[in-house]
S.K.: 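Please read through the structure below; I'll follow up with questions.
Counting starts at 1 for both ligands and their atoms, following the listed order.
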Amino acid sequence: MPLFDTHAHLTSDQLSDNLDQVLSNARQTGLVGMTAIGTGPDSSHACVQLADRHDDVWASVGIHPNDCKDSTESDWQRIVALASAERVVAIGETGLDRYWDDSPIEVQREWLAQHIELSFETKKPLVIHMRDCESDILEMLHQHQRDGQIIGIMHSFAGCQETADQCLSLGMYISFAGMVTFKKSDDLRAVAATIPADRLLIETDSPYLSPHPKRSQRPNEPALVEYTARCLAETRGVTFAELSQQTTENAQRVFGLSF
Ligand code: NI
C-alpha cells in the first residue's frame, strides 16, 4: 500500500545515525514519500540536503516554537532563503506551545506570524504544532487568514472537535500521529472519524511517540506510520488500502507533488 509520512524529524540524531536502515525500512513497508521537518536553520538546511539526495524525501523549513526564543533575524533569513528551494514543500515546524513554555508566548506568536506570511508568499503549506493552546492558535489563524483561508497542516493533531472543525473551515488538513492509536485516545479517535476523507493525513512525528502496538520501540521511524494508518482505517470503517491510498493522495495534493 502506498503510504506517506507527512512529518518525520529525519535529521534528528536518533534517526540520522541509522538513516540508510530507516529509509530502507520505510520503503519496504510501502512508503512512497516522507517529509523531513526542520526545527531551526541548521536542521532545515540538513532536511533540504537530505531531500536533494533522495527522490522520496521532501523538506519543510522553519523554526519550532520551543526554539524561537534565541532565534535571530539572520536565522530567519536563512529560513527564507531555503523556503524557495525546489524540494521544500512546506513551512514549519511552527506553531505555539504552552506546555513546555520554553519561549514567551508573545515571542512564539511573532514567529508564527512570520511563518504564516512566508507560507502565503511561497504558496507552501504551514506545518503547525499546537500544544495546550487551542484558542491561541485559532485566534492567530483567524487573524492572519487571507480570503478565509490558511494553507496548512495541523500536525500531530490532539485537539478537540471544535478546533478541528474551525481548522477545516479555513481549508486546512488534519494530520494524526501515534497518539491516536493509544488505548486512552477514544476522544481523539472520535474526532478522527469526522475528518473529511480528502483532508486527512498521517505522520509519525518520529523519532517521538511510536504508535501502538509498537509503542515501546525507540526511536519511532517512518515505517511505523503503517500502524497509525491501520488504526484510522478501523476507526473510520474503511479498508487499510483505501485509507493508505486516500492519505497518500492528500499528501501529494497538499505538498503539490505529482508522482
Ligand atoms: Ni515535529
S.K.: Say whether Thr163 and Gln166, considering side chains only, have a donor N or O and an acceptor N or O under 3.5 Å apart.
M.R.: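 Looking only at side-chain atoms, Gln166 and Thr163 do not form any donor-acceptor pair under 3.5 Å.
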
S.K.: Please find out if the Ni ion (ligand 1) and some N, O or S atom of His7 are separated by less than 2.8 Å.
M.R.: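 So His7 does bind the Ni ion (ligand 1) by this criterion.
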
S.K.: Which atom, counting only N, O or S, brings Asp205 closest to the Ni ion (ligand 1)?
M.R.: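 Closest to the Ni ion (ligand 1) among those atoms: OD1.
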
S.K.: If you count the non-hydrogen atoms of other residues, nucleotides and ligands that lie under 6.0 Å from CG in Asp55, is the total more than 12?
M.R.: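 12 or below, so no.
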
S.K.: Let me check your reading of the structure: within less than 2.8 Å of the Ni ion (ligand 1), is there an N/O/S atom from His9?
M.R.: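 Yes.
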
S.K.: Distance alone, cut at 3.5 Å: any donor-acceptor contact between the side chains of His7 and His9?
M.R.: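 Checked: His7/His9 side chains pair up, N/O donor to acceptor below 3.5 Å.
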
S.K.: Output the atom name for the N/O/S atom of Glu93 with the smallest distance to the Ni ion (ligand 1).
M.R.: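 Considering only N, O and S atoms, Glu93 comes nearest to the Ni ion (ligand 1) through OE1.
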
S.K.: Evaluate whether atom CG of Asp17 has more than 12 neighbouring non-hydrogen atoms of other residues, nucleotides or ligands under 6.0 angstrom away.
M.R.: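 Count over threshold, so yes.
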
